[in-house]
Amino acid sequence: MIDLSQPALDVAPLLLGAVISHTVVLDDGSRAEVRIRLTEVEAYMGPDDPASHAFRGPTPRTAVMFGPPSHLYVYLSYGIHRCVNVVCSPDGRASAVLLRAGEVVSGEDLARRRRSGAARQVPDRRLACGPGNLGQALGAGLSDSGAVLWQSEGLCPPPEAATWRLEPPGSPTPCSRSRRVGISHNAEKLWRFTIPDDPTVSRPR
DNA sequence: AGGCCGATATTCT
DNA sequence: GAATATCGGCCTT
């Protein structure tokens with residue numbers, strides 16, 4: 001069980017190698033699930049971080065980051081791409097980890113169907129490469145912002161509901177640090193965490 | 001293999 | 001009106 005009430009900078013490396021899953025309930029009552037092993041994440045430190053959406057205090061979009069940990073913050077990047085964050089820090093303090101890339105370990109067919117056009121033909125290692133692509137592979141929507149991210153211990157969601165789950169890594173995971181991608185403020189901080197040499201990690205454009 | 005461009009929600013100036 | 005935690009398509013080397 002990963003303690004998500006820590007600051008995002010402490011949580012981020014612990015998420016490498018962890019598996020996030022989103023299960024949806026279909027019309028006939030059956031379930032469809034995509035599971036992704038995380039290989040690339042970034043920490044955003046709220047009021048201490050000019051690159052964070054929470055830097056200037058809560059807005060309707062970012063209010064969930066100021067709430068309790070173990071929820072999701074989902075936002076639209078450039079008005080289009082749904083990017084998924086894990087909310088960290090205790091209730092009242094804002095920080096979050098952006099999920100940037102991973103390896104689809106189950107539900108590859110569903111993840112691929114969620115792509116459109118020529119992108120549906122990308123190799124498996126690119127199915128969840130980049131935050132927009134990872135969010136799309138998981139089927140994340142704006143309505144998932146604020147959803148509970150369940151971990152194996154403790155309370156469980158009702159079985160008929162869609163669920164977001166987090167499974168910790170089975171073994172210690174190697175970790176590299178680098179600069180975060182696509183930001184201009186506070187850009188020198190090494191707050192991007194990747195699994196070294198993993199083929200699913202995104203590369204700078 | 002690399003550069004440019006359009007799409008477009010939310011927030012800030 | 002501008003900037004943004006991006007991506008795919010289409011163009012030129």
Side-chain angles (χ1 to χ4, degrees), chain A residues 4 7-13 15-16 20 34 36 38-67 69 71-89 93-104 111-147 149 176-195 199-205:
Chain A
L4 299 176
L9 203 46
D10 298 315
V11 172
L15 290 179
L16 292 180
I20 188 171
V34 170
I36 293 178
L38 300 172
T39 60
E40 174 183 352
V41 300
E42 287 176 354
Y44 286 85
M45 291 294 286
D48 304 322
D49 180 7
S52 170
H53 288 171
F55 179 60
R56 296 168 197 277
T59 66
R61 176 177 67 156
T62 64
V64 60
M65 270 197 285
F66 292 81
H71 292 245
L72 299 183
Y73 164 55
V74 181
Y75 72 93
L76 286 179
S77 175
Y78 291 85
I80 301 173
H81 310 290
R82 296 174 297 274
C83 299
V84 179
N85 297 251
V86 174
V87 173
C88 301
S89 302
R93 304 239 202 151
S95 74
V97 177
L98 171 67
L99 310 182
R100 283 198 54 93
E103 171 194 3
V104 179
R112 189 174 293 281
R113 282 197 303 276
R114 286 171 168 156
R115 293 290 197 99
S116 58
R120 192 168 284 183
Q121 312 301 327
V122 296
D124 284 350
R125 69 177 186 284
R126 294 268 171 261
L127 270 180
C129 178
N133 291 331
L134 184 147
Q136 187 159 33
L138 286 169
L142 282 188
S143 61
D144 292 302
S145 201
L149 180 62
S176 297
R177 295 180 63 151
S178 53
R179 288 149 77 113
R180 294 176 292 178
V181 175
I183 56 166
S184 51
H185 301 297
N186 210 15
E188 74 287 358
K189 297 289 195 309
L190 303 180
W191 289 355
R192 174 176 179 250
F193 298 82
T194 57
I195 296 180
T200 65
V201 169
S202 74
R203 293 191 258 186
R205 282 174 91 94

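By convention in this document, chain letters (A, B, ...) are assigned in the order of the sequence lines, proteins followed by strands, and residues within each chain are numbered from 1.
Between dT13(C) and dC5(B), the distance separating the two P atoms is 14 Å to the nearest Å. Taking the P atoms as reference points, dT8(B) lies 16 Å from dC10(C), given to the whole Å. Comparing dA5(C) with dT13(B), their P atoms are spaced 14 Å from each other, to the whole Å.
Residues that satisfy the side-chain contact (heavy atoms from CB on, under 4.5 Å) test with Arg56(A), not counting sequence neighbours, are absent from this structure. Every residue two or more places apart in sequence or in another chain that forms a salt bridge (charged side-chain N to carboxylate O under 4.0 Å, His left out) with Glu42(A) is listed here: Arg100(A). Partners of Ser176(A) by side-chain hydrogen bond (donor to acceptor under 3.5 Å, both in side chains), not counting sequence neighbours: none found. Among residues two or more places apart in sequence or in another chain, the side-chain hydrogen bond (donor to acceptor under 3.5 Å, both in side chains) test is passed with Arg112(A) by Asp124(A). In this structure, Thr194(A) has no side-chain hydrogen bond (donor to acceptor under 3.5 Å, both in side chains) partners at least two apart in sequence or on a different chain. Ile80(A) pairs by the side-chain contact (heavy atoms from CB on, under 4.5 Å) definition with nothing, not counting sequence neighbours.
Computed from coordinates, the Phe55(A) CZ to dT4(C) P distance equals 14 Å when rounded to whole Å. Regarding Glu40(A), its CD atom lies at a distance of 10 Å from the P atom of dT6(C), rounded to whole Å. A straight line from CG of Leu99(A) to P of dA5(C) spans 16 Å, rounded to a whole angstrom.
A heavy-atom distance below 4.5 Å is not found between the side chains of Ser178(A) and Glu40(A). Two residues are said to be in side-chain contact when any heavy atoms from C-beta on lie closer than 4.5 Å; Arg125(A) and Glu103(A) fail this criterion.
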Secondary structure string for DNA chain B (Watson-Crick or G-U under 3.5 angstrom, | for other-strand pairs): |||||||.||||.

Along nucleotides 7-13 of chain C, 5' to 3', which nucleotides get a B, which get an S, and which get a -, given that the test is a protein heavy-atom distance under 4.0 Å? BBB----

Just by protein heavy atoms under 4.0 Å, how would nucleotides 8-13 of chain B read 5' to 3' in B, S and -? BBSSSS

Which donor-acceptor pairs under 3.5 Å do the side chains of residues 58-67 of chain A make with protein atoms, sequence neighbours left out?
residue  : atom : partner  : partner atom : Å
Thr59(A) : OG1  : Arg61(A) : N            : 3.4
Thr59(A) : OG1  : Thr62(A) : N            : 3.3
Thr59(A) : OG1  : Thr62(A) : OG1          : 3.1
Thr62(A) : OG1  : Thr59(A) : N            : 2.9

Could you pull out every donor-acceptor pair under 3.5 Å between side chains of residues 131-147 of chain A and any protein atom, sequence neighbours left out?
residue   : atom : partner   : partner atom : Å
Asn133(A) : OD1  : Arg115(A) : NH2          : 3.4
Asn133(A) : ND2  : Cys129(A) : O            : 2.7
Gln136(A) : NE2  : Arg114(A) : O            : 2.9
Asp144(A) : OD1  : Trp164(A) : NE1          : 3.1
Asp144(A) : OD2  : Gly141(A) : N            : 2.8
Ser145(A) : OG   : Val74(A)  : N            : 3.0
Ser145(A) : OG   : Val74(A)  : O            : 3.4

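Of the side-chain N and O atoms in Ser184(A), one or more sit less than 4.0 angstrom from OP1 or OP2 of dT4(C).
Within the structure, every pair that satisfies the side chain to side chain donor-acceptor pair (under 3.5 Å) test and touches residues 45-55 of chain A, not counting sequence neighbours, is listed here: Asp49(A)-Arg180(A), Asp49(A)-Asn186(A), His53(A)-Tyr73(A).
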